[in-house]
2 protein chains.
Amino acid sequence: MPISMAHEKGQIPTNLRLLLLLEEVSRAGVPVTPADLVDALGLPKPTVHRLFNTAEEAGFLQRDIDGRSFGPGPRLRRLSVNTLSSQRLRTVRLSILNGVVEKMGETCNIAVPDRDAMVYLDRIETKWPLRIQLPVGTKVPFHCTASGKMYLSSLNPRYLDRYLASRTLEEHTKKTITDTARLKAELTKTRKRGYSTDDEEFMDGMVAVAVPIIDDQGRLVSTLSAHAPLQRNDLPALVANVETLKTAADQLSELLLS
Amino acid sequence: MPISMAHEKGQIPTNLRLLLLLEEVSRAGVPVTPADLVDALGLPKPTVHRLFNTAEEAGFLQRDIDGRSFGPGPRLRRLSVNTLSSQRLRTVRLSILNGVVEKMGETCNIAVPDRDAMVYLDRIETKWPLRIQLPVGTKVPFHCTASGKMYLSSLNPRYLDRYLASRTLEEHTKKTITDTARLKAELTKTRKRGYSTDDEEFMDGMVAVAVPIIDDQGRLVSTLSAHAPLQRNDLPALVANVETLKTAADQLSELLLS
DNA sequence: AGTAAATGTCTGAATGTTGAAACGGGGGGA
DNA sequence: TCCCCCCGTTTCAACATTCAGACATTTACT
């Protein structure tokens, strides 16, 4: 599966429903009644009522003075405070990313390998109006992205062969490498020079470079990459900034130790 | 059943599980792995893994750069901010702010750290015609504002060093502190005396003081600050009101739990 | 290097949740 | 006063989630 498109329109997973309900309640800002949310959530009446009751019993919602509507309860407020208090770890990571973006003027991402795709963890966009829209949390394939190829190049050859054997390389653009042998050659080159590139292999008109973020044992845990639309920068221009990326990647690696 | 004797040993309702998981994650304060929570939640391994995946796909959790652990995601942060901005709390908060504004005669704000900047949550303007225009929702940098410096001073020294090392301190006015060592000294002073100042470091002709709003575990959640144009008040005049601000901040802290 | 412990993954019978439809009931308008 | 409309509640077949046990993988230790 290329880019993870969750649940089209079919169904909202049972597990998520209470959470979506709380999300709506807090977004409303004022106490709401179950009936108010029936449309907003697109769920049947009885379901919504049950969810409200569950949330109230558990203390995540509390009944308003009018007895009919609900607002955030003590437990939800507690959760919110804790969430906002635990934000500080990301401050450092983001400021490193920010530094890179300022120097390069292009969008930067941190991505980690997850089973069968790379997941974007963090991103800082350029201030330029022309941007590539790939929100945090989206997944992109290994074989046709800079970060994915960086990851593949770090694999033990045995695992790499197994991966390549088990999968057909889907064509995303005309430049996507769909031939196993060619991809392997590309990965060897990547391993040697220490950075990977994406020359319009994932999206027409988009190029990218990526460098590895490694842990204290030298293993790749995630990647740092920069994207650019061809209208603004070409691949050589991005590659010229590889040292900037590597410096930042080293700083990010250090973060792993603490 | 009188008062919900929830899970003894029986069962946690399916609908609540994801929520309890997020509760634990945010309570931990640092990124956690699925295995960490297996005991804490008392749920079987496969279940916990599935829940983590669901939460990540929906954007409520976000993977850390080590690729294995998870912390709050964008959607959970948004939910948290919205919850704390809900009407009931907001009304009380604004009335506390109002009291401060009446005593001090200057604009007051509540701000929370969000990613890489402070964002204004609430504000009450003075009635004086001469005001500083910074609407709710705007973001201001950490290093050159009273609230931002208050936040930085609450960081663990190790993270603070990382943050400062990875970022150039942008000059907003001639008085902006752009030297890392000087900023660190300033933050140490701030931590000791319990309030921070902004002496025209962000905007010419504007001064400010800020005090922390802390949760019951002593962590900074947000800040309370007051701004003044130099034409009306100077920095010593604002500092003279620090006790007023601190009293209000204590009341605001209590509001978080209640 | 080798091995033990821990972490993550898979399966399917058992269990909990869902929602269409139909019902009771309360408030506002004529 | 009556009637209508909308809110909240009930039922039970259909459906999604669960989790024991076993397997696969990674990590930690000798």
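Chain letters run A, B, ... following the sequence lines, proteins first and then strands; every chain starts at 1. Note: hydrogens, waters and symmetry copies are ignored here, and every other heavy atom, side chains too, is used. As the structure is a computational prediction, the values presented were derived from the model and not from experiment.
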Using atom [atom1] of [X] as one end and atom [atom2] of [N] as the other, report the distance to the nearest whole Å.
X	N	atom1	atom2	value
B:L43	D:dT17	CG	P	15 Å
A:D114	C:dG8	CG	P	12 Å
A:L21	C:dT17	CG	P	16 Å
A:N53	D:dT10	CG	C1'	13 Å
B:E56	C:dG8	CD	P	13 Å
B:L16	D:dT17	CG	C1'	14 Å
B:L18	D:dT18	CG	P	9 Å
A:H49	C:dG24	NE2	C1'	14 Å

**Message:** Here's a test of your reading of the structure: between A:K45 and A:R17, which maps to the more 5' nucleotide of DNA chain C?
**Reply:**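 This one resolves to A:R17.
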
Between [options], which one does the side chain of [X] approach most closely?
X	options	value
B:T14	C:dA20, D:dC19, C:dT17	C:dT17
A:N15	D:dT17, D:dG8, C:dT18	D:dT17
B:P13	C:dT17, D:dG8, C:dG19	C:dT17
A:P34	D:dG8, C:dT17, D:dT27	D:dG8

Can [X] and [Y] be counted as an ion pair, charged N to O under 4.0 angstrom?
X	Y	result
A:D198	A:K149	no
B:D64	A:R93	yes
A:E201	A:K175	no

**Asked** Ignoring hydrogens and angles, are the base of C:dG19 and the side chain of A:R50 linked by a donor-acceptor pair under 3.5 Å?
**Response**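 Yes.
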
**Request:** Answer yes or no: does atom NZ of A:K184 have more than 12 heavy-atom neighbours from other residues, nucleotides or ligands under 6.0 Å?
**Result:**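 Counting neighbours around NZ of A:K184, 12 or fewer heavy atoms of other residues, nucleotides or ligands fall under 6.0 Å, so no.
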
**Prompt:** Using a cut-off of less than 4.0 Å, is there contact between a side-chain N or O of A:T47 and OP1 or OP2 of C:dG19?
**Reply:**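 For A:T47, the contact criterion (side-chain N or O under 4.0 Å from OP1 or OP2 of C:dG19) is met.
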
**Message:** Between A:R68 and D:dC6, is there a contact of a side-chain N or O with OP1 or OP2 at under 4.0 Å?
**Reply:**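 Looking at the OP1 and OP2 atoms of D:dC6, neither is under 4.0 Å from any side-chain N or O of A:R68.
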
**Asked** Counting only N and O atoms by type, is there a donor-acceptor contact under 3.5 Å from the side chain of A:E200 to the main-chain atoms of A:V207?
**Response**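 Absent.
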
**Asked** A:A35 or B:L51: which one's nearest nucleotide on DNA chain D is closer to the 5' end?
**Response**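 Checking each residue's closest nucleotide, the 5'-ward one belongs to A:A35.
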
